[in-house]
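Just dropping this structure here.
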Amino acid sequence: MSKDLVTREANYSQWYNDIVTKADLAENSAVRGCMVIKPYGYAIWEKMQQALDKMFKETGHVNAYFPLFVPKSLFEAEEKNAEGFAKECAIVTHYRLKNDPDKPGKLMVDPHAKLEEELIVRPTSEAIIWSTYKGWIQSYRDLPLLINQWANVVRWEMRTRLFLRTAEFLWQEGHTAHSSEKEAIEETERMLEVYADFAENFMAIPVLKGVKTENERFAGAVNTYCIEALMQDGKALQAGTSHFLGQNFAHAFDVKFANKEGKLEHVWGTSWGVSTRLMGALIMSHSDDKGLVLPPKLAPFQVVIVPIYRTDEEQSLVSSKSLEIKKELEKVGVSVKFDNRDTHKPGFKFAEHEFKGVPLRIAIGPRDVENGTVEVARRDTLEKSTLLTSDLSVKIVHLLEQIQQNLYDKALDFRTNNTHKADTWEEFQRLLDDKGGFISAHWDGTPETEEKIKELTKAAIRCIPLNNNKEQGKCIFSGNPSNERVIFARAY
RNA sequence: CGGGAUGUAGCGUAGUCCGGUCAUCGCGCCUGGUUUGGGACCAGGAGGUCGCAAGUUCGAAUCUUGCCAUCCCGACCA
């Protein structure tokens, strides 16, 4: 466990990988680039899903499910989208295997079972969904169409990393259709707000809301909004995107509706998604050199109770007290695990739960039962205190709220301390190499300049912040005039 | 896909240059006993196609070739 954990300073990426695997979140599988999400990691993802799903429904969306496969002819209909994803598609070309006559016991692809038309394993579902929407939308009365799906997608990435970039990943993708441009833009912005709200209030990660530059825009979108988070190593992570699709997909798939005047118009679209990459963001934002740190709102269990005893008699005494406390806490909505394994010593359990990021630990021994107390340890600050069991549930609820808030505050402080303005090229480069982080700087607005800066420094424009202050200045690279700062960073 | 590194028991490793007496050690695992308020101790035990496949050789963990996987650096990307 943590005695084997390399420090963040010594090797950040190894630290990350160690946490993912040693905290039992996920592991590499027999399939290149694809991970197995283990029960403890999946439980966190389920918490995320539950919270997000509720928020989607509260904003009027419903869930549906569309096929994994997209016929190539549909996939290529929206040209920019198809071109953008073409280089990372898995393609199904056959539908049958047969015994290999040359190798007994082995199978081979049956050459007679070639598909008429290849199927693309979805890298994103716009094509299959918009081709379906064509049949669902005739009138303005059919709009807006507000649908989300929870699914897996495949993008054949060259270099993968657990949660941050895997060939197959889990996500949700919302796909909506509207009768006006204004309404579609409102939807795009609404969902960005939902993502920001989720990141800040559940994940305890402050995020920067903004729009992408043309270079970084989703293939097939008119405008891409994003939330950007800053990781502890000073690199940025795109945590969610919301796209205004204009009428691009409506044109590509001929999706039209009759308006109130009886005239046919193309519908306006949006799509938005977050993925299991959020797991990576969660890990890298809060965890420390002792292991994972989880915000209470997303922890599979918020409190672990570790009983301490020597004799059978003590064990039954301590156990019944533990169960009593567990019940009391569950009554006020706190999730509790009673770790009554008799195969491990308390010290081992302390270390294990600490490594796995359980927000609060309660230890109960015979002494506590006698005194009417418990020992409570916070994972975020590692502070221990002895609390009277009277009103314990109220105190625990309060502590969990404090931990949630403290994690957010710490992450926000970190981001504040690692966001800098640069006004010259030298300053820009120095900031990048010294500290990384977000760098706020003037840019002349051209893709060429953005590209050159990226080439020279590996830093890209993460976003143009929403509600950005207008300010006259000169592009740090070209010296041409600029009327606002944008956010640069090296990114995952 | 380009550059670099690695692959030996569940994990971490020694051995590879210089082929044979070589499958090493620690953790973990199993059994028994003593333990239990911060990662227990003693004794005994099990566990291996040395990544996979061909080749060279009397003989391959060790040499050659191909493939696969992982990590790091690029390009690509949520």
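Given the structure is predicted, the values throughout are model-derived calculations rather than measurements. Throughout, a chain's letter reflects where its sequence line sits, starting with A, and its residues are numbered from 1.
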Once you apply a heavy-atom cut-off of 4.0 Å, does A:Arg361 come out as touching a base, just sugar-phosphate, or nothing?
base
With A:Asp339 via side-chain hydrogen bond (donor to acceptor under 3.5 Å, both in side chains) - residues at least two apart
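Result, side-chain hydrogen bond (donor to acceptor under 3.5 Å, both in side chains) vs A:Asp339: A:Arg341, A:His353.
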Among all residues two or more places apart in sequence or in another chain, which pass the salt bridge (charged side-chain N to carboxylate O under 4.0 Å, His left out) test with A:Arg379?
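Here the qualifying residues are A:Asp288.
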By ring-ring contact (aromatic ring centres under 6.0 Å, His included), which residues pair with A:Phe163, not counting sequence neighbours?
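By the ring-ring contact (aromatic ring centres under 6.0 Å, His included) rule, A:Phe163 matches no residue at all.
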Reading RNA chain B from 5' onward, which residue's closest nucleotide shows up sooner: A:Glu455 or A:Glu375?
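With A:Glu455 and A:Glu375 compared, the 5'-side residue is A:Glu375.
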Just to be sure I understand the geometry, which residues of residues 302-316 of chain A put a non-hydrogen atom under 4.0 Å away from RNA chain B?
A:Ile308, A:Tyr309, A:Arg310
Any luck finding a side-chain donor-acceptor pair between A:Thr241 and A:Thr224 under 3.5 Å?
no
Dot-bracket for RNA chain B, 5' to 3', counting Watson-Crick or G-U wobble pairs under 3.5 Å, with [ ] for crossing pairs and | for inter-strand pairs?
((((((((.[[[..)....(....]]].((((((.....)))))).....[[[[[..)....]]]]])))))))....
Would you say the side-chain atoms of A:Lys297 and A:Gln302 include a donor-acceptor pair closer than 3.5 Å?
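No, no side-chain donor-acceptor contact under 3.5 Å.
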Row check, A:Tyr492 ring normal vs A:Lys235 NZ/CZ: under 6.0 Å, within 45°
yes
Touch class at under 4.0 angstrom, heavy-atom based, for A:Asp368 against every strand present
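If one applies the 4.0 Å heavy-atom cut-off, A:Asp368 turns out to touch a base.
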Describe the nucleic acid contact of A:Leu164 in one word from base, sugar-phosphate, nothing, applying a heavy-atom distance below 4.0 Å.
base
Touch check for A:Gly33, heavy atoms < 4.0 angstrom, all strands: base, sugar-phosphate only, or nothing?
sugar-phosphate
Between the base of B:G38 and the side chain of A:Lys384, is there a donor-acceptor distance below 3.5 Å?
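Per atom types, the contact qualifies.
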Does A:Lys356 count as lying over the ring of A:Tyr40, i.e. NZ or CZ under 6.0 Å from the six-ring centre, within 45 degrees of the axis?
yes
Identify each donor-acceptor pair in which a side-chain atom of residues 146-154 of chain A lies under 3.5 Å from a protein atom, sequence neighbours left out, and give them as a table.
| residue | atom | partner | partner atom | Å |
| --- | --- | --- | --- | --- |
| A:Asn148 | OD1 | A:Gln172 | NE2 | 2.7 |
| A:Asn148 | ND2 | A:Asn63 | OD1 | 2.9 |
| A:Gln149 | OE1 | A:Phe66 | N | 2.8 |
| A:Gln149 | NE2 | A:Ser125 | OG | 3.2 |
| A:Gln149 | NE2 | A:Glu173 | OE2 | 2.9 |
| A:Trp150 | NE1 | A:Asp53 | OD1 | 2.8 |
| A:Asn152 | OD1 | A:Arg122 | NH2 | 2.8 |
| A:Asn152 | ND2 | A:Glu168 | OE2 | 2.8 |

